[in-house]
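Throughout, protein chains are lettered first and strands after them, A, B, ... in sequence-line order, and every chain is numbered starting at 1.
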Amino acid sequence: MAKMKLPELASVIRSKNSGPYELTLDVIFKDKATYEAACRAQVINKTTIAKLYGIGEEDVISITLFAPANAIKATIVRPYPSGALGETDVYGAQQHAPLLNLEVEIKVE
Amino acid sequence: MREYRVLSPTAILGYGFPEESFQAGLDRKPHLIAVDAGSTDPGPYYLGAGVSFTDRAAVKRDLELMIEAGLQLDIPVVIGTAGGSGAEVHLQWNLDIIKELVLEKGWQFPLGVIHAELERETVLQAYRENKIAPLHPAPELTEAEINAAERIVAQMGPEPVMSVLQQGAKVVLAGRAYDPAVFSAGALLAGFDKGLAIHMGKILECGAIAASPGSGSDCLLGTLREDCFIVEPLNPIRRCTPTSVAAHTLYEKTNPYVLPGPGGILDLRETTFTQLSEQAVKVTGSKFVPAEPFAVKLEGAKRVGYRTVSIAGCRDSIMIAQIDHIVEAVRERVADNFKKYGYQYFLHFTIYGKNGVMGQLEPNSDITSHELGIIIEAVAETQEIANTICGFARSTMLHYGYPGRVATAGNLAFPYSPSDFKAGPVYNFNIYHLLEVVDPLALFPVEIMKMGEDQ
């Protein structure tokens, strides 16, 4: 098992608002086998997301495995609601960046 | 086999669509044309200030093609979340565009108008009766917040749209609406399954974004049957795949299996996506589970002040190394200079090249860029105070003598003259809550206007 960066395994890595108070992160894996390997290895869990974003695990609202899209989704509490004073990304579309550097170890069967 | 076909021309009214795709959709003899005109994505300003985030001429262009086609085929055209935020001022803005088109084109049709802005007193009373709950993680509501809101809208479900369609409306202009409401209302009247109709609406509301390659300015056709629905793009360069359609179900949602909406949840735990043809995907198994009591979402925005911004760049490595210290020193100078006036203000420095995009979520603490982009922002209770604070922070930062400075002529590169921009009123979302209702129609008064007859 070699370490790989998430973009080598995924076709989509994105962030977006889910309403003004939440930010949702989608990772869509390249194929079913990769998705299943990523799920087995739990490459995205509450701890990895909390570490990547420097937030507490209690602010990671959910991690959802969505097999129909070969996707793992994480939703976090926005540090500021969309458009609030001090907020930096109204649409929440550029908050995926830390996932691009995530190193994971998976075994695709 | 009974079918109900819905044509979605574009993701947002005013985002446009190719006429060839639209005509290909019309050739399939749709039963309804629907479009979503709104979103909370562009932030609280548009609801608060009462303006549309889409351009008037672009909205008029889309509506001209859609209404003309609807009248020709004698099928309803339904517009949801008029004017982008769906409050009364947004609804009137869009109504004005339709009236202008009616005059220009000589059209005649009954227009169904559905209002979605609530009287403040209605919201206060519901609050006092404990009928309002926050949508996690929004904060608890208070009477002060309700009173501070510039305007409050409720998100209608399909019921008010069904009502005006039953009353004979050929075009429906709805205020704030749950996105799938306008796409599903006709099919629900025709007796189709609510889970499938709502899920099809959820996919159609973003136009061809659910196709591959995706597009927010191209058409998607949905065909609803008794036990499934089929979605397909109308532009030969695109196709829907199970992954592209399923991936769209994830988009902007917290949990893709359980999607709350007015009056219940859409349950996708048993949904399947299968490739039906080269371009089309078949979806089955989506269920609507009614919730008791019936609840709708409220949205409100309040004014928090007026903003002035100044945009500048910095290319000096000695200054870049000390940027945090310089920002703090400028803050202190501003506070000290105006201390006797008691100004209340928010002064913020967005530093691109450091953490301008991610703010406190930014994991990198080192600056590796050879240049920084700096936005100095002041928000205060009047535009004049915001101008004063921003302008003073800008001039202080320009000439601040930080330790080791060698570039004594100035610290900032301004791309523009004037360097400061008045951005006007600033709003925050302050209501994002659920309201319990007894009657899903009662909050949303409807009227039928005879367009083109007595104007």
**Report entry** A/Lys30 atom NZ, over 12 foreign heavy atoms within 6.0 Å
**Finding:** yes
Item checked: Donor + acceptor pair across side chains of B/Tyr251, A/Lys16 (<3.5 Å) -> yes
Bottom line for B/Phe273: the part with an atom under 4.5 Å from chain A's heavy atoms is side chain
When the 4.5 angstrom heavy-atom criterion is applied to B/Val357 and chain A, the contacting part is both
When A/Ile49, A/Ile13, A/Ile63 are each screened for side-chain contact (heavy atoms from CB on, under 4.5 Å) with A/Leu25, the one that passes is A/Ile49
So, the part of A/Asn17 with a heavy atom under 4.5 Å from chain B: the answer is both
Max heavy-atom pairs within cutoff under 4.5 Å with chain A, candidates B/Glu377, B/Glu299, B/Gln360, B/Glu362, goes to B/Gln360
query: Does a donor on one side chain sit under 3.5 Å from an acceptor on the other, for A/Thr75 and A/Thr24?
result: yes
Does any N or O in the side chain of B/Arg176 come within less than 3.5 Å of the main-chain N or O of B/Gly84, such that one atom is a donor and the other an acceptor? no
Counting heavy-atom pairs under 4.5 angstrom with chain A, the leader among B/His136, B/Glu252, B/His248 is B/Glu252
Applying a strict 4.5 Å limit to non-hydrogen atoms, the region of A/Arg78 in contact with chain B is neither
Heaviest contributor of heavy-atom pairs below 4.5 Å to chain B, chosen from A/Leu85, A/Val77, A/Ile55, A/Asp89, is A/Leu85
Heavy-atom nearest pair, B/Lys282 first then B/Leu276, reads CD-CD1, 4.0 Å
Scored by heavy-atom pairs under 4.5 Å with chain A, the best of B/Ala247, B/Pro137, B/Ala301 is B/Pro137
From the list A/Pro20, A/Ser11, A/Gly19, the residue making the most non-hydrogen contacts under 4.5 Å with chain B is A/Pro20
Okay, A/Ile61 and chain B: the region with an atom under 4.5 Å from a heavy atom over there is side chain
With no hydrogens and no angle check, is any side-chain donor or acceptor of B/Tyr45 less than 3.5 Å from a backbone partner on B/Val426? no
Of A/Thr88, A/Val12, A/Thr64, the largest count of non-hydrogen pairs under 4.5 angstrom with chain B goes to A/Thr88
Greatest number of non-hydrogen atom pairs under 4.5 angstrom with chain B, of A/Ser18, A/Pro81, A/Ser15, A/Ser62, falls to A/Ser18
Answer key: most heavy-atom pairs under 4.5 Å with chain A among B/Met358, B/Lys297, B/Arg307, B/His348 is B/Met358
Interface check, chain A: of B/Pro44, B/Gly43, B/Gly305, B/Pro256, most non-hydrogen pairs under 4.5 Å belong to B/Pro256
For the side chain of B/His433 and the backbone of B/Pro139, is there at least one donor-acceptor N/O pair under 3.5 Å apart? yes
Using only atom types and a distance under 3.5 Å, with no angle test, would you say the side chain of A/Asn45 pairs donor to acceptor with the backbone of A/Gln42?
yes
When the 4.5 angstrom heavy-atom criterion is applied to B/Thr249 and chain A, the contacting part is side chain
Answer key: most heavy-atom pairs under 4.5 Å with chain A among B/Asn355, B/Asp41, B/Asn428 is B/Asp41
Could you check whether the rings of B/Tyr432 and A/Tyr21 sit parallel, tilted or perpendicular, using 30° and 60° as the cut-offs?
-> tilted
In this structure, CD1 of A/Ile106 is separated from CG of A/Leu6 (nearest 0.5 Å) by 9.0 Å
Greatest number of non-hydrogen atom pairs under 4.5 angstrom with chain B, of A/Gly86, A/Ala71, A/Gly54, falls to A/Gly86
The interface call for A/Leu23 against chain B, heavy-atom contacts under 4.5 Å, is side chain
